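Each ligand, and each atom within it, is numbered from 1 in the order the structure gives. Being a predicted model, the structure only gives us computed values, none of them experimental.
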Amino acid sequence: MNLRDKHILLIITGGIAAYKMPLLVRLFIKAGAEVKVVVTAAAQEFVAVKSLAIVSQHPVYTDQYLQTNDADLAHLDLTLWADLIVVAPATANTIAKAAQGLADNLATTAILATTKPVYFFPAMNDQMYQQPATQRNLHQLIADGRQVFEPETGFLAEGYQAKGRLPEPATIFNLVVQTYWRQTQPQPLAGKRVLVTAGGTREAIDPVRYVSNHSSGKMGYALATAAYAAGAEVTLISSVARPLTIPAKVISVTSAAELMAQIQAEFSQQDLLLMAAAPADFRSAQPATQKIKKQAGQTDLTLTLTKNPDILASLPVAHPDQFVAGFAAETENLLTNAQTKLTKKHLDLIIANPVGRQDSGFNVDQNQGTLLFRDGHQVTLPLMTKDLMATEIIKQICAYLKL
Ligand code: PMT
C-alpha cells in the first residue's frame with residue numbers, strides 16, 4: 001500500500017512527542033505523498049519549524065498564515081489541497097476545541113473547515129486522557145465521523161508508565177495508510193477470509209543444514225496486503241519473517257509438512273486460499289539427529305530425498321464455496337505446465353510466473369505472469385512491482401467471482 005500523489009496535511013499540536021514528527025513527514029514522503037505541515041504556537045516549543053520545512057519541502061504553516069495570506073481563506077487553501085488530515089500529537093486542548101467546533105487558530109480552523117478524513121492521534125498525560133471531559137470530547141469526534149486512534153501505554157514524559165503515549169512514527173504511518181486505504185478503496189473482499197501462504201520451506205538435513213529455494217515471501221506478503229486493502233480478513237502462513245504493515249493473523253512455519261498441517265487446520269474457515277509459497281517438493285528421507293561430520297578424505301555426500309505431499313492436491317477436490325489459487329513457477333513451457341497444474345491440483349486459478357531470471361520471479365521486487373482461470377479465461381500481466389501485481393491479481397479474482 002502506498003500514498004502515491006496523496007496530499008497529507010499534518011497538524012502538529014503542543015505535545016512533547018511533536019519532536020518526532022519530522023520522521024513521520026519523511027515516512028509519508030517516502031510512500032509517495034506530498035506533505036504540508038501546520039504547527040500550533042505550542043507545538044513550536046517542541047519541534048523546529050525549520051526541520052519540518054526542510055523535510056516537507058514546503059513552508060510550515062503557523063497562525064501567522066491566517067493573518068498574512070491575502071486570499072483571506074488560508075484555512076480553506078490547505079483543506080481544499082489536502083486529501084487527508086492527520087493531527088499528531090493531538091493535545092487534550094485541541095481535541096476539546098475540535099469537538100466543540102471552535103476555530104481560534106489555524107489548526108482548529110482547518111479541522112473545522114474540512115470535509116476530508118481527519119485522523120486524531122491523542123497524546124497526553126494519563127490523567128488528562130482519562131478525564132471524563134477528554135473522553136466525552138473523543139467520543140464526540142468519533143460521532144462526528146473523525147477517526148480517533150488510541151494512545152499507547154508506555155513511558156510518559158512524566159517519568160512513569162501509563163496510557164497516553166503517542167505511537168512511534170512508523171506505527172502512526174502504518175495506521176494512517178491502512179485506515180486511509182480501507183476508507184477510500186473499493187472493498188470487494190469485505191467480510192471474506194483470505195488465507196495467503198508465503199516463502200520457501202526449509203527441509204532439515206541435520207540440525208544445522210537444510211534444503212530450500214530462493215523464495216523470499218515478497219509475492220505472498222504483497223498478496224496479503226492487497227487482500228487486506230480490498231477489505232479481507234487475512235491469515236498469512238509464512239516461512240519467512242518480513243515487515244507486514246497490515247493487521248493479520250500470522251502463522252510461521254518451517255517445513256512443507258508444517259505448512260500443510262497449518263493450511264489443513266485453517267482451510268475450512270477461509271473463503272479464498274492464495275498459495276504463493278514455494279514448498280520444497282522433496283525433503284531429506286532421514287534427517288540426521290546430529291550434525292553430519294566430514295570424514296577424512298571424503299569428497300562426496302549422497303543425500304536421499306523423499307517426495308513431500310502435494311499440499312494443494314491434498315485439499316478437497318470439490319470446494320464450491322471456496323476459491324483456491326496456486327502459482328506455477330516455471331523455467332520452461334510456462335503455460336502448458338501451468339495448465340497441467342491447474343487441472344491436477346483442482347484449482348480455480350493458477351498464476352503462471354516465469355522463474356530463474358533476474359527481473360522477476362524469486363527474491364526480486366518485480367514479477368509478471370499469466371492468470372489461467374478454471375473456465376479458460378486468461379489474463380496476462382506484464383512486468384510490474386509485486387505490490388502492483390498483487391493488487392491486479394486480487395482485482396481479477398474479484399471480477400471473476402463477481403464481487
Ligand atoms: O517469494 P518470492 O521471492 O516473492 O517469489 C515468488 C514466487 C516465485 C515463489 C511465487 O510467485 C511462486 O511462483 N510461488 C509458487 C512456487 C512453487 O512452488 O511453484 P510450483 O510450480 O512448484 O507449485 C505449484 C503450486 O503448488 C504452488 O502454488 C505451490 O505453492 C503448490 N505446491 C507446491 C509443492 C507442494 N509440495 N505442494 C504445493 O501445494
Chemist: Is there any N or O on Asn308 that sits under 3.5 Å from an N or O of ligand 1?
Modeler: no

Chemist: Which protein heavy atom lies closest to atom 6 (C) of ligand 1, and at what distance to 0.1 Å?
Modeler: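 Its nearest protein heavy-atom neighbour is Met219 CB, 3.6 Å.
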
Chemist: Among Ala256, Ala280, Ala278, which one has a heavy atom closest to atom 18 (O) of ligand 1?
Modeler: Ala278

Chemist: Evaluate whether atom OH of Tyr19 has more than 12 neighbouring non-hydrogen atoms of other residues, nucleotides or ligands under 6.0 angstrom away.
Modeler: no

Chemist: With atoms numbered from 1 as shown, which atoms in ligand 1 lie under 4.0 angstrom from a non-hydrogen atom of Gly326?
Modeler: 28 (O)

Chemist: Would you mind running through ligand 1 and noting each atom that sits below 4.0 Å from a heavy atom of Ala328?
Modeler: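 Those atoms are 21 (O).
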
Chemist: Quick check: Met275 and ligand 1, any N/O pair under 3.5 Å apart?
Modeler: yes

Chemist: To which of Pro279, Ala313, Ala352 does the heavy atom nearest atom 35 (C) of ligand 1 belong?
Modeler: Pro279

Chemist: Among all protein heavy atoms, pick the one closest to atom 36 (N) of ligand 1 and tell me residue, atom and distance.
Modeler: Pro309 O, 3.1 Å

Chemist: Considering only protein heavy atoms, which is closest to atom 39 (O) of ligand 1, and at what distance to one decimal place?
Modeler: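 Nearest protein contact, heavy atoms only, for atom 39 (O) of ligand 1 is Leu312 N, 2.9 Å.
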
Chemist: Just jot down the ligand 1 atoms closer than 4.0 angstrom to any heavy atom of Lys386, in number order.
Modeler: 2 (P), 3 (O), 4 (O), 5 (O)

Chemist: Numbering the atoms of ligand 1 from 1, which are under 4.0 Å from a heavy atom of Asn363?
Modeler: 2 (P), 3 (O)

Chemist: Closer than 4.0 Å to some heavy atom of Asp310 - which atoms of ligand 1 meet that?
Modeler: 36 (N), 37 (N), 38 (C), 39 (O)

Chemist: Atom 2 (P) of ligand 1: which of Ser216, Ser238, Ala257, Gly356 has the nearest heavy atom?
Modeler: Ser216

Chemist: Check whether any N or O atom of Gly220, backbone or side chain, sits under 3.5 Å from an N or O atom of ligand 1, and answer yes or no.
Modeler: no

Chemist: Under 4.0 Å from a heavy atom of Lys218: give me the atoms of ligand 1 that qualify, with their elements.
Modeler: 1 (O), 2 (P), 4 (O)

Chemist: Does Arg374 come within less than 4.0 Å of Asp348, counting only side-chain N to carboxylate O?
Modeler: yes

Chemist: Would you say Gly217 and ligand 1 have an N/O pair spaced under 3.5 Å apart?
Modeler: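 In this structure, Gly217 places an N or O atom under 3.5 Å from an N or O of ligand 1.
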
Chemist: Asp359 and Arg357: salt bridge (charged side-chain N to carboxylate O under 4.0 Å, His left out), yes or no, with the steps?
Modeler: CA-CA 6 Å; Asp359 60 350; Arg357 30 193 308 156; 2.9 Å; yes

Chemist: Among all protein heavy atoms in this structure, tell me which lies nearest to atom 26 (O) of ligand 1, with the distance rounded to 0.1 Å.
Modeler: Lys345 NZ, 2.9 Å

Chemist: When you measure from atom 1 (O) of ligand 1 to every protein heavy atom, which one gives the shortest distance, and what is it?
Modeler: Ser215 OG, 2.6 Å

Chemist: What protein heavy atom sits nearest atom 11 (O) of ligand 1, and how far off is it?
Modeler: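 Going by distance alone, atom 11 (O) of ligand 1 is nearest to Asn353 OD1, 2.5 Å.
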
Chemist: Does the pair Glu233/Lys249 count as a salt bridge with the N-to-O cut at 4.0 Å?
Modeler: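 Between Lys249 and Glu233 there is no salt bridge, as every charged N stays at least 4.0 Å from the carboxylate O atoms.
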
Chemist: Does Lys97 come within less than 4.0 Å of Asp104, counting only side-chain N to carboxylate O?
Modeler: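 Here Lys97 pairs with Asp104 in a salt bridge, since their nearest N and O are under 4.0 Å apart.
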
Chemist: Is it true that a side-chain atom of Thr304 and a backbone atom of Ala285 form a donor plus acceptor pair closer than 3.5 Å?
Modeler: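 Such a contact is absent between Thr304 side chain and Ala285 backbone.
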
Chemist: Heavy-atom count around Gln358 CD within 6.0 Å, excluding the residue itself: above 12?
Modeler: no

Chemist: Could you tell me whether Phe327 and ligand 1 have an N or O pair separated by under 3.5 Å?
Modeler: yes

Chemist: To check your reading of the model: name the closest protein heavy atom to atom 21 (O) of ligand 1, its residue, and the distance in Å.
Modeler: Lys341 NZ, 2.5 Å

Chemist: Give yes or no for whether the N/O distance cutoff of 3.5 Å, strictly under, is met between Ile350 and ligand 1.
Modeler: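 No.
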
Chemist: Identify whether the distance between the nearest side-chain nitrogen and carboxylate oxygen of Arg165 and Glu150 falls below 4.0 Å.
Modeler: no

Chemist: Does Ala277, backbone or side chain, put an N or O under 3.5 Å from an N or O of ligand 1?
Modeler: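 So ligand 1 has an N or O lying under 3.5 Å from an N or O of Ala277.
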
Chemist: Judged on heavy-atom distance to atom 38 (C) of ligand 1, which of Ile311, Asp281, Asp365, Leu347 sits nearest?
Modeler: Ile311

Chemist: Salt bridge (charged side-chain N to carboxylate O under 4.0 Å, His left out) for Asp365 and Lys218? Distances and angles first, verdict last.
Modeler: CA-CA 7 Å; Asp365 290 334; Lys218 289 181 182 189; 2.7 Å; yes

Chemist: Taking NZ, NE, NH1 and NH2 as the nitrogens, is one of them in Asp281 or Lys307 under 4.0 Å from a carboxylate oxygen of the other?
Modeler: no

Chemist: Between Glu168 and Ala170 (side chain of the first, backbone of the second, donor and acceptor by atom type, cut-off under 3.5 Å), is there such a pair?
Modeler: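 Checking the backbone N and O of Ala170 against the side chain of Glu168, no donor-acceptor pair under 3.5 Å is found.
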
Chemist: Start with the C-alpha gap between Thr370 and Gln378, add the side-chain angles, then the distance that decides, and say whether side chain to side chain donor-acceptor pair (under 3.5 Å) holds.
Modeler: CA-CA 7 Å; Thr370 299; Gln378 292 191 7; 5.7 Å; no

Chemist: Show your reasoning for whether salt bridge (charged side-chain N to carboxylate O under 4.0 Å, His left out) applies to Glu152 and Lys163.
Modeler: CA-CA 6 Å; Glu152 287 184 349; Lys163 186 168 180 174; over 6 Å; no

Chemist: Specify the closest pair of heavy atoms between Leu9 and Ala82, including all atoms of both residues, with the distance to one decimal.
Modeler: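 In this case the closest contact between Leu9 and Ala82 is CB-CB, 3.8 Å.
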
Chemist: Does ligand 1 come near enough to Ala276 that some N or O of the ligand is less than 3.5 Å from an N or O of the residue?
Modeler: yes

Chemist: Please examine the side chains of Leu259 and Ile311, heavy atoms only from C-beta on, and report whether any two atoms are closer than 4.5 Å.
Modeler: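 Heavy-atom side-chain distance check passes, below 4.5 Å.
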
